[in-house]
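Notes for the one structure printed next.
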Amino acid sequence: MRMHAWRVRAPGPLTWSEVPVPEPRPDELLVRVRACGVCRTDLHVRAAEIPPHRRPVVPGHEGVGEVVAVGPDVGEDWSVGDLVG
């Protein structure tokens, strides 16, 4: 499966990209993001005022969405279809 994401590859404009949908690690949830805020730190990364933690990076960490996959070690607190933020 593939998804679309805005990415920071280098200082300057964001790049609209098609990328593989990640598989959740054993202790992770996979979330289909419905909305995501881009904070000032993300804008600093885009402007090359601070380095990204990895390249290319998909900015935004203030997301809300729906759980679409649950890693086997997550436990019973989360299920596919749960809304998270």
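Just so it is clear, the model here is predicted, and its values are computed rather than measured.
Residues Pro20 and Arg2 form a side-chain contact, since some pair of their non-hydrogen atoms from C-beta on lies under 4.5 Å apart. No side-chain heavy atom of Val8 sits under 4.5 Å from any side-chain heavy atom of Pro56. Under the 4.5 Å side-chain criterion, counting only non-hydrogen atoms from C-beta, Leu30 is not in contact with Val67.
A continuous path of hydrophobic side-chain contacts links Val70 to Val84 [ILVMFWY only; heavy atoms under 4.5 Å]. Connection of Leu43 to Trp16 is not established within any shared hydrophobic cluster, with ILVMFWY side chains joined at heavy-atom distances below 4.5 Å, either directly or through further cluster members. At a threshold of 4.5 Å between side-chain heavy atoms, the hydrophobic network of Ile, Leu, Val, Met, Phe, Trp and Tyr places Val19 and Val68 in one connected group.
Pairing each heavy atom of Thr15 with each of Arg9, the nearest pair is CG2-NE, 3.7 Å. In plain terms, the two heavy atoms of Gly37 and Asp42 that are nearest each other are O-OD2, 4.4 Å. Contact detail for Cys36 and Val33: the closest heavy-atom pair is CB-CG1, 3.9 Å. Annotation for Val74 and Glu28: closest pair CG2-O, 3.4 Å, computed over non-hydrogen atoms. Contact record, Arg46 with Pro13: NH2-CA, 3.8 Å, taken as the closest heavy-atom pair. Nearest heavy-atom pair, Arg7 versus Val58, reported as atom, atom and distance to 0.1 Å: CG-CG2, 3.8 Å.
One distance of note links CZ of Arg25 with CG of Asp73; it measures 13.0 Å at 0.5 Å rounding.
In Glu23, the CD atom is not crowded: 12 or fewer heavy atoms of neighbouring residues, nucleotides or ligands sit closer than 6.0 Å.
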**Message:** Does Val38 form a side-chain contact (heavy atoms from CB on, under 4.5 Å) with Trp6? I'd like the steps, not just the answer.
**Reply:** CA-CA 11 Å; Val38 176; Trp6 288 103; over 6 Å; no
**Request:** For side-chain contact (heavy atoms from CB on, under 4.5 Å), just list the numbers for His4 and Ser17, CA-CA rounded to whole Å, side-chain angles, deciding distance to a tenth of an Å, and then say yes or no.
**Result:** CA-CA 6 Å; His4 290 99; Ser17 303; over 6 Å; no
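Remark: the backbone N or O of Glu66 is not paired with any side-chain donor or acceptor of Arg32 at under 3.5 angstrom.
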